[in-house]
Amino acid sequence: MTSIELLSPLVRGLFEFWALMLCLSTIVGTILAIQNKRYVISAFSVILFVPEYLMEQTLFDLSLFEKTGAVSAVTQAVNGLPYWLWLSACIIFTGLSVLLISYNIHYEKTFITPDSIKAYLDQIPCGICCWQDNGRVLFSNVCMNSLCMSLTGEPLLNGNQFRNALTGEMAEVEGKKWRFSYRETVLNGEHLHDLIASDITEEYSKTLALEKDRAELSRITRELRDYSFSIDETVRHQEILEAKVNIHNEMNRLMLSSMAAESEDPEALDNILSLWEQNALLLCREAGEAEENRALSRIESLAEALKIRLIWEQNIPDNLSETQRSLFFSAAQEAVSNASKHAGASELRISFESDGSYIHCSFTNDGKVGNKDIPFSGGLGNLLRLAEKQNAKVSVKSGDNFVLSLSFPIDTLPHL
């Protein structure tokens with residue numbers, strides 16, 4: 001059987017080149033395995049490299065020392081093997097080298113490796129940098145390197161120097177706003193420093209626009225509030241003026257009637273006196289009705305603002321005094337507020353009934369409070385103290401609906 005040393009120099013040179021390529025491919029596979037931390041595969045690559053290197057080295061010795069006859073015994077023994085064994089070995093080693101490199105490439109594409117992490121972090125639109133206490137940079141992506149070059153004019157070689165070069169948490173680079181976030185971490189007992197740069201150009205512009213709109217809204221709100229106050233003041237002055245005109249006209253009429261009446265006619269004098277009494281009562285009632293209308297307006301405005309529909313099942317009893325009506329309106333305002341704040345109600349019913357001893361004013365909302373004790377604190381506590389001063393009673397009832405009741409004793413009510 002023809003051995004490898006009996007072949008022509010050209011054929012032996014092809015085998016030598018083949019063995020050299022096998023050595024190089026095995027070295028590449030070993031490096032990839034070490035980078036991917038596949039140490040078992042790297043050990044297998046080293047074992048595979050030994051026979052490939054032996055084949056290449058024996059062929060090199062044979063071509064170099066063949067004419068001088070100084071070929072070593074190992075070279076003579078290996079090159080004395082039949083050429084078909086060399087061919088088989090080269091084919092087998094070629095297949096193993098291809099499998100080794102293919103496995104490493106497939107592993108990089110399928111599993112998370114340091115190279116895949118580096119490739120991913122280079123593609124994200126934010127800058128990342130990590131360094132040790134002495135400033136030695138362990139990792140930095142392309143974005144952070146570019147930011148360092150733009151801000152300092154130097155490459156990112158020292159993390160501490162780059163962080164000290166930053167004047168604040170925000171910086172502008174090429175028309176973009178960047179925010180830098182710094183933190184310290186401990187990994188495997190080693191103290192590390194992290195710096196992350198985020199592009200906040202869009203958020204920054206929207207924040208400026210929002211602040212501008214907020215300032216404009218505040219200005220409009222102040223103007224509307226001032227305008228509302230001016231309207232209320234104008235209406236109040238108009239009402240006062242109309243009331244003064246009415247009082248003046250009525251007083252003039254009564255004075256003229258009094259002057260025209262005959263002092264010797266008792267019946268005429270009684271009629272004039274009766275007119276004075278009626279006008280005095282009318283003026284008092286008009287003043288009370290004006291105050292009552294304002295209180296009703298305030299309650300209805302509050303209910304409208306809280307999106308609560310008021311339902312008056314009966315009118316307010318006429319025999320309630322001014323102080324009792326004031327207490328009723330305070331209770332109504334508290335009922336509206338509690339219906340929205342604690343019960344989430346959308347409707348409030350106001351009803352009145354009498355049982356012979358008391359007139360009961362009930363405020364019933366359709367909210368959900370549940371069967372639980374309602375403490376008399378805050379607004380309810382104040383309402384209870386005001387009611388006790390008028391010998392009135394305040395009670396609450398919770399369940400499917402929440403009911404606030406205000407009861408006035410009938411024997412204390414004024415009689416018309």
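Predicted, not measured: the structure shown is a model, and the values here were computed from it.
Residues L348 and I311 are not in side-chain contact: their nearest non-hydrogen atoms beyond the backbone lie 4.5 Å or more apart. In this structure the side chain of L327 reaches within 4.5 angstrom of the side chain of L406, judged on heavy atoms. Here the side chains of L166 and F162 are in contact, with some heavy-atom distance below 4.5 Å. Side-chain contact between F93 and T26: absent, with no pair of heavy atoms (C-beta onward) separated by less than 4.5 Å. Taking 4.5 Å as the limit, every side-chain heavy atom of C130 sits out of range of all side-chain heavy atoms of V137. D194 has its side chain out of reach of C129: every pair of non-hydrogen atoms, C-beta onward, lies at least 4.5 Å apart. With a 4.5 Å cut-off on side-chain heavy atoms, V186 and L192 do not count as touching. Taking the side chain as every heavy atom from C-beta outward, F329 and I316 approach each other to under 4.5 Å.
Nearest approach of Q314 to S351, heavy atoms of both residues: OE1-CA, 3.2 Å. Across G29 and N104, no two heavy atoms sit closer than the pair O-ND2, 3.2 Å. In plain terms, the two heavy atoms of A171 and F180 that are nearest each other are CB-CE1, 3.8 Å. Shortest non-hydrogen contact noted between K177 and D199 is O-OD1, 3.3 Å. Looking at every heavy atom in both residues, I41 comes nearest to L100 through CG2-CD1, 3.3 Å. In this structure, I34 and S42 approach most closely via the heavy-atom pair CG1-CB, 3.8 Å.
Checked for salt-bridge contact, E347 and R349 meet the test: a charged N lies under 4.0 Å from a carboxylate O. Between E388 and R385 there is no salt bridge, since none of the side-chain N atoms of the basic residue sits less than 4.0 Å from a carboxylate O of the acidic one. Remark: R12 does not engage E16 in a salt bridge, criterion side-chain N to carboxylate O under 4.0 Å. Ion pair K176/E172 not flagged as a salt bridge, since none of the NZ, NE, NH1 or NH2 atoms sits closer than 4.0 Å to an Asp/Glu carboxylate oxygen.
Considering Q57, M55, E56 in turn, E56 is the only one that fulfils the side-chain contact (heavy atoms from CB on, under 4.5 Å) rule with L20.
Not one N or O on the side chain of S146 forms a donor-acceptor pair closer than 3.5 Å with the backbone of C143. Side chain of N141 to main chain of C126: a donor-acceptor pair is present (N/O by atom type, distance under 3.5 Å, no hydrogens or angles). The main-chain N or O of P317 is found under 3.5 Å from a side-chain atom of R325 such that the two form a donor-acceptor pair. Of the possible donor and acceptor atoms, none in the side chain of T152 sits under 3.5 Å from a partner among the backbone N and O of M149.
Y103 and F44 have their aromatic ring centers separated by at least 6.0 angstrom. Ring centroid separation for the pair F352 and F408 does not come in under the 6.0 Å cut-off.
If you take CZ on R136 and CG on N160, they are separated by 13.0 Å, rounding to the nearest 0.5 Å. For the atom pair CZ (R38) and OG1 (T30), the distance works out to 14.5 Å, reported to the nearest 0.5 Å. Separating the CG atom in L121 from the CD1 atom in I128 is a distance of 4.5 Å, to the nearest 0.5 Å. Of the inter-residue distances, the one linking N391 atom CG with S407 atom OG reads 12.5 Å to the nearest 0.5 angstrom. Of the inter-residue distances, the one linking L404 atom CG with T364 atom OG1 reads 9.0 Å to the nearest 0.5 angstrom. Summarising the geometry, atom CD1 belonging to I350 is positioned 9.5 Å from atom SG belonging to C361; distances are rounded to the nearest 0.5 Å.
Y182 carries R163 over the face of its six-membered ring, with the cationic atom under 6.0 Å from the centre and within 45° of the normal.
S405 and H360 share no donor-acceptor pair across their side chains, judged by distance under 3.5 Å alone. When only modelled atom types and interatomic distance are considered, H191 and E184 share a side-chain donor-acceptor pair under 3.5 Å. Using modelled atom types and a 3.5 Å distance limit, the side chains of E190 and Q132 yield a donor-acceptor pair. In this structure, a donor-acceptor pair under 3.5 Å is absent between the side chains of W178 and T201.
Remark: Y107 engages no residue in a side-chain hydrogen bond (donor to acceptor under 3.5 Å, both in side chains) (not counting sequence neighbours).
Ring geometry, F49 versus Y53: the interplanar angle falls under 30°, so the pair is classed parallel (tilted spans 30 to 60°).
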Practice item. Report the C-alpha separation of E202 and K206 in whole Å, then their side-chain angles, then the decisive distance to 0.1 Å, and conclude whether the salt bridge (charged side-chain N to carboxylate O under 4.0 Å, His left out) test is met. Key: CA-CA 6 Å; E202 184 177 357; K206 290 183 178 179; 3.2 Å; yes
Point to revise | Stepwise side chain to side chain contact (heavy atoms under 4.5 Å, CB included) test for M21 and L24 | key: CA-CA 5 Å; M21 292 296 101; L24 294 177; 3.5 Å; yes
Exercise for review: Show your working on side chain to side chain contact (heavy atoms under 4.5 Å, CB included) between W131 and L138 and close with a plain yes or no.
Suggested key: CA-CA 5 Å; W131 69 91; L138 298 178; 5.7 Å; no
Exercise for review: Mind running side chain to side chain contact (heavy atoms under 4.5 Å, CB included) on L48 and S97 for me, showing each step along the way?
Suggested key: CA-CA 8 Å; L48 182 62; S97 298; 4.2 Å; yes
Exercise for review: I would like to know whether W18 and L87 meet side chain to side chain contact (heavy atoms under 4.5 Å, CB included); could you show each step before the answer?
Suggested key: CA-CA 10 Å; W18 195 347; L87 181 61; 3.7 Å; yes
Check your understanding: Can you list the steps and then say if R219 with E216 is a salt bridge (charged side-chain N to carboxylate O under 4.0 Å, His left out)?
Key -> CA-CA 5 Å; R219 183 187 64 81; E216 182 67 16; 2.3 Å; yes
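A 6.0 Å sphere centred on CG of D213 holds more than 12 heavy atoms belonging to other residues, nucleotides or ligands. For K393, the NZ atom sits in a loose shell: 12 or fewer heavy atoms of surrounding residues, nucleotides or ligands are nearer than 6.0 Å. Crowding of E169 atom CD: a count of heavy atoms from other residues, nucleotides or ligands under 6.0 Å not exceeding 12.
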